[in-house]
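In what follows, a structure is listed as structure tokens, so that the remarks can point back to it.
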Amino acid sequence: TFVAPPGTNLKAEFISGTLWRYSTDYMVTGQMWENGREYEIRIYARDKAGNGAVGPGIPDNGNDGVEASAAFRYDVSFPTASIAYPLQTAVMNSLDAFRGSVLDPDPNASSEIEPAGIAAVDISIQQLSDGNFFDGSNFNGTRQWFPASFSMATVDAGTWSFTAANNANLFNALQSDRYSVTVRARDIAGNEQYNFTGNSSSFTFTVDKDTPSVVVASPNQNTRYYTPLAANATGLMGIAVDPLIRGTSSGILAAGVEVQLWQMIGPTSWYFDGGAWTTTVSTLTASGSNWSVAAGLVPTDVEYASLAGDNTFYVRARVHDKSTLPDGSVSQSSGNLSGWMSPQEFIVDGTPPVSTMTWPVNGGYASAISSITGTANAALSGVKRVEVRITTAPATGPDWNGTGYSFAGVPIWNQATAAANWEYTSLTNAFFTGNRYYIYSHAVDNAGNPQSPDTAFSVLYDTTVPSVSLARPPPPPP
């Protein structure tokens, strides 16, 4: 036990040379020490001639006492370090540091009882897709520990950090993956943290550095031509994908799809802002993997035609994923952002096409019709098809079907070549002498606008050779 000064001299065991030792069972079991208390050891030596000291301040033979002393603090408490940054639940696209707190427990509130203090804080990072640990340059090896910086506000509590100043390679080596980070503390007494669960000393976090992608599915690049009604009905929609890479995908940010719709009038771009066309660059937003701009923000059929009538329109999109900053904060600028996709163009055409016939001649006569020809105008979208109807009775038929006349399915339209100069040639046995035929042409443009009204011609078909006789003068007598 410990008693008041001057105390009791304890005899050490002389081993050999200059070595000595003192030990008791109480010392071995730790019973003589109190956690957190500071102790001082004083050593007194006396030679065989009696020189030296027999105790503190008690010289012998008139000689001063020879003594040495050392102080130490007994500490058997284990320190702990915990991680506060980054946020464990964050799926982050960047990481600039690890930070947290460190504690060397104070056994009690007494000023005489204190912990030894922190000697070191170390960090270790494992990449979970392959199990490799960071080795100082990349994720290639077994577990290694790297020293972090720390600062103590008091002897028992402080903060630590691991930044690029400690090792810049770590932050450059992070890729889209899941990681396990572990931090440990060691105090001056040599106690080293061994428990990493339940105290935020170790957790798994996720990094997503890969950009998402987006496509516009409607208006469709292949369809390309729309009437104003069809353009409004098809809307603005598409697909956004945040790729799953090594088990990591943060998903698409809410309202993270940005869409721009515009048209050109001369050299000026006009953007749709959800309610009107403006020369200010405007962006519409949508959400989700299968995204669509709200119907109320898409131009109506009237709005599509309001500025320039038929025109070419352009649409493009980009997308933000839901990855965050290391502290978990989310904003439109925080996620990985795809570039703007190449603009897709589509034509909105609300003007019906017009077709006319160049042969046969309307109201005329014909003795031979091997083809029916004409022209078609379908600017802006172009001619999709031209059809021809041939009949002898427009109200009831029969109509020509390409091989004969039929009353079934009247009116019967026959496909002509679809071009600005069109032609229909399937006319074998289509015309009989002495009959009047009614021929109609009907065009449809690539936007789906039908011609209205149809072009109507009539022709009298006559292949009878005329005859002639001479009445006067009479023929000569025989």
Side-chain angles (χ1 to χ4, degrees), residues 78-104 118-152 158-188 190-212 242-251 321-330 334-337:
F78 289 93
T80 57
S82 60
I83 307 166
Y85 180 96
L87 188 68
Q88 181 176 357
T89 56
V91 180
M92 62 203 75
N93 51 53
S94 64
L95 184 59
D96 56 350
F98 293 95
R99 292 195 293 268
S101 59
V102 61
L103 177 67
D104 193 17
I118 296 298
V121 177
D122 302 317
I123 191 170
S124 178
I125 311 287
Q126 183 183 25
Q127 185 170 267
L128 296 184
S129 64
D130 55 17
N132 286 332
F133 289 85
F134 182 69
D135 63 3
S137 59
N138 212 325
F139 288 88
N140 293 316
T142 57
R143 184 184 292 278
Q144 295 187 43
W145 295 92
F146 297 90
S149 303
F150 67 93
S151 175
M152 304 303 293
T159 59
W160 64 270
S161 65
F162 189 92
T163 66
N166 300 98
N167 190 310
N169 293 332
L170 171 61
F171 303 99
N172 294 329
L174 293 173
Q175 58 183 348
S176 294
D177 210 323
R178 297 175 67 246
Y179 295 87
S180 175
V181 56
T182 304
V183 63
R184 70 180 183 186
R186 185 172 66 257
D187 67 17
I188 295 172
N191 299 301
E192 186 173 88
Q193 180 178 352
Y194 67 92
N195 181 23
F196 305 102
T197 60
N199 51 16
S200 299
S201 296
S202 180
F203 63 67
T204 298
F205 66 95
T206 304
V207 175
D208 180 358
K209 287 187 173 182
D210 290 276
T211 57
D242 189 37
L244 184 65
I245 298 176
R246 289 178 288 275
T248 298
S249 174
S250 58
D321 71 14
K322 205 161 45 178
S323 61
T324 70
L325 301 176
D327 62 1
S329 62
V330 179
S334 67
N336 294 306
L337 176 62

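Atom set for the values below is all heavy atoms of this structure, side chains included, hydrogens, waters and symmetry mates excluded. These numbers were taken from a predicted model, which means no experiment stands behind them.
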Requested in this report: Just do the side chain to side chain contact (heavy atoms under 4.5 Å, CB included) check on Val181 and Ile123 with the steps written out, would you?
Outcome: CA-CA 7 Å; Val181 56; Ile123 191 170; 3.8 Å; yes
request  = Would you please test Met152 and Val102 for side chain to side chain contact (heavy atoms under 4.5 Å, CB included) and show each step?
outcome  = CA-CA 8 Å; Met152 304 303 293; Val102 61; 3.8 Å; yes
- Query: Can you check side chain to side chain contact (heavy atoms under 4.5 Å, CB included) on Lys209 and Leu174, steps first, answer last?
  - Reply: CA-CA 9 Å; Lys209 287 187 173 182; Leu174 293 173; 4.1 Å; yes
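Ile245 contributes atom CD1, which lies 11.5 Å from atom OG of Ser129 (distance to the nearest 0.5 angstrom). Atom CG of Asn336 is separated from atom CG of Asp242 by 7.5 Å, given to the nearest 0.5 angstrom. With rounding to the nearest 0.5 angstrom, the CD atom of Gln88 is 7.0 Å from the OG1 atom of Thr204. Atom-to-atom distance recorded for Asp104:CG and Asn191:CG is 7.5 Å, nearest 0.5 angstrom. Within the model, atoms CD1 of Ile83 and OG of Ser202 stand 6.5 Å from one another, a figure rounded to the nearest 0.5 Å. Going from atom CG of Asn93 over to atom CG of Asp210 covers 11.0 Å, rounded to the nearest 0.5 Å.
No side-chain heavy atom of Asp177 sits under 4.5 Å from any side-chain heavy atom of Val207. Within the 4.5 Å cutoff, the side chain of Val183 has heavy atoms near those of the Val121 side chain. Considering only heavy atoms from C-beta on, Thr248 comes within 4.5 Å of Arg178 through its side chain. Side chains of Tyr85 and Asp327 form a contact here, defined as non-hydrogen atoms less than 4.5 Å apart. Put simply, the side chain of Asn195 does not reach to within 4.5 Å of the side chain of Ser201, judged on heavy atoms. Side-chain contact between Trp145 and Phe133 is absent, with no heavy atoms from C-beta onward closer than 4.5 Å. At least one side-chain heavy atom of Ser94 sits under 4.5 Å from a side-chain heavy atom of Pro326. At least one side-chain heavy atom of Phe162 sits under 4.5 Å from a side-chain heavy atom of Leu170.
Between the side chains of Ser101 and Ser82, at least one donor N or O sits under 3.5 Å from an acceptor N or O. A donor atom on one side chain and an acceptor atom on the other are not found under 3.5 Å apart for Asn169 and Ser137. Using a 3.5 Å distance cut-off with no hydrogens or angles, the side chains of Arg246 and Gln127 do not pair a donor with an acceptor. There is no side-chain donor-acceptor pair under 3.5 Å between Asp208 and Ser323. For the 3.5 Å distance criterion, the side chains of Arg143 and Ser124 qualify, holding a donor opposite an acceptor.
When all heavy atoms of Ile118 and Pro79 are compared, the closest pair comes out as CD1-CB, 3.7 Å. The two atoms that bring Asp135 and Phe146 nearest to each other are C-CZ, 3.5 Å, heavy atoms only. Among all heavy-atom pairs drawn from Trp160 and Phe98, the shortest one is CZ3-O, 3.6 Å. Heavy atoms only, all atoms of each residue included: Leu95 and Met92 are closest at CD1-SD, 3.9 Å. Of all heavy-atom pairs between Ser161 and Asn166, the closest is O-OD1, 3.7 Å. Pro243 and Pro212 make their closest contact through CD-CA, 4.0 Å (heavy atoms, listed as atom of the first residue, atom of the second, distance).
The backbone N or O of Gly136 sits less than 3.5 Å from a side-chain atom of Asn167, completing a donor-acceptor pair.
In this pair, Phe205 and Tyr179 present their aromatic rings parallel. The plane angle is below 30°, not in the 30 to 60° band.
The existence of a salt bridge linking Asp122 and Arg186 is confirmed by a sub-4.0 Å separation between a basic side-chain nitrogen and an acidic carboxylate oxygen.
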